[in-house]
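Here is the structure we will look at.
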Amino acid sequence: MTELNILSTIFASLSYMVIALFLLGVARKIYGYAATPSPLKIPTTPAPVSGGGVVIRMAREVILFESLFKGNKWTWLGGILFHVTFAVVLFRHLRYFTEPVPWLVALVAPVGILAGVGLLGAAAYLFVRRLAVDRVAYISSGADYFALILVGSLALTGLAMKFVFRTDVAMVKDFCMGIVTFSPANMPADPIFILHYLLVLTLGAYFPFSKLMHAGGIFFSPTRAQIDNPREARHVNPWADDVRVDKA
Amino acid sequence: MSKESGMVAAVLFLVLLASPFIYNAFSAPPTHRAELKLPDGGQCVRDTEWMRRNHMKLLMHTRDDVVREGVRLDREGLKGCRSCHPYRGEFCDQCHDYVGMQQECWNCHFYPESKTVINDEDREPGGTP
């Protein structure tokens with residue numbers, strides 16, 4: 001086992017800081033979402049009248065982006081492409097963090113490259129949407145552009161590593177396995193890999209403090225997550241004054 | 001929702017997100033790494049650092065030369081690899097299995113896996129190849 005060089009020491013330390021920041025940051029946000037009471041019963045109707053129904057509705061929302069589909073087909077198209085390809089790309093990256101590599105991860109690998117191309121395309125499409133559709137441009141802020149540029153750059157550097165500036169993949173795996181098993185190993189000193197990894201760290205550190213938290217927040221949206229049972233079960237606003245309720 | 005349910009949700013998410021780390025903490029540390037059997041001495045057609053990153057480009061380039069131009073550069077093709085690294089099980093497969101990257105070469109090309117196992121098709125459970 002060779003000594004950890006300076007570059008790898010810096011990046012291994014950064015990795016642990018970002019992992020801690022990400023985990024605790026997301027947990028803190030989730031706590032905030034879950035602990036905040038909803039004063040009113042406001043599920044968007046027609047809404048499910050049982051808990052199981054809410055699970056199904058939420059699944060449709062999270063997996064298919066149902067309400068976005070009803071709202072705007074073009075945005076839905078870009079959004080679903082962006083998220084599905086991102087998920088496939090993430091899943092493909094498990095091959096760097098698992099040993100032995102599960103067969104499904106190995107099977108997905110070639111599709112993952114295609115997904116990477118799709119992700120870059122979708123990020124570009126959504127970016128152009130923010131610039132070109134004037135109503136959207138009006139409400140777009142720096143954070144909106146930043147998130148898209150960040151993920152787009154990630155896809156671009158990832159694909160560049162696949163097709164142009166190759167890196168030592170076995171060494172990348174040594175490094176990644178070192179991180180997740182708490183025994184850091186050296187990383188390849190290729191500029192493009194360093195850039196890609198730096199972007200990953202940026203994403204991880206930025207995630208809990210940004211609009212990207214919609215990934216967790218969606219599950220706590222009152223209009224989607226509430227059961228439509230205002231008559232069956234009385235909804236109590238926790239900060240309302242105690243009032244006497246006569247049972248009929 | 002209440003503070004308690006907030007705590008429950010936060011802990012649940014934390015456990016879910018950190019599950020790979022928790023899994024690793026309680027499982028045996030992976031000792032396996034790619035270990036290539038290298039020939040004594042000799043020099044590859046390119047330097048090692050370059051080959052580690054770009055060998056697939058070289059193989060594809062050689063393939064194009066052979067198939068489209070009719071120029072046979074065996075030294076820079078699979079035959080060249082085999083002349084120093086006779087078994088892919090000790091060479092190609094090491095890294096490729098390690099990073100979960102399939103090799104499509106063996107669908108057409110011959111490169112024995114080891115001295116006893118010639119190719120995957122010959123490998124039978126419990127039987128001799």
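Chain letters run A, B, ... following the sequence lines, proteins first, then strands; residues in each count from 1.
For A:Ile19, the part lying under 4.5 angstrom from a heavy atom of chain B is the side chain only. Looking at A:Val26, only its side chain comes within 4.5 Å of chain B, counting heavy atoms on both sides. No part of A:Val108 comes within reach of chain B, as not one of its non-hydrogen atoms sits under 4.5 angstrom from that chain. For a residue to count as touching a neighbouring chain, one of its non-hydrogen atoms must lie under 4.5 Å from one of that chain's; by this rule A:Phe193 does not touch chain B.
Considering all non-hydrogen atoms of both residues, A:Ile194 and A:Pro188 come closest at CG1-O, 4.4 Å. Taking every heavy atom of both residues into account, A:Thr167 and B:Arg53 meet most closely at C-CG, 3.4 Å.
A salt bridge does not link A:Glu61 to A:Arg57: none of the charged side-chain nitrogens sits closer than 4.0 Å to a carboxylate oxygen.
Between chain B and the residues A:Ala106, A:Ala109, A:Gly216, A:Pro110, the most heavy-atom pairs under 4.5 angstrom are made by A:Ala106. When each of B:Val11, B:Val8, B:Leu14 is scored by its heavy-atom pairs under 4.5 Å with chain A, the top score falls to B:Leu14.
The environment of A:Leu104 atom CG is dense: over 12 non-hydrogen atoms of other residues, nucleotides or ligands sit within 6.0 angstrom.
Note: A:Phe220 and A:Tyr33 have tilted aromatic rings, judged against thresholds of 30 and 60 degrees for the angle between ring planes.
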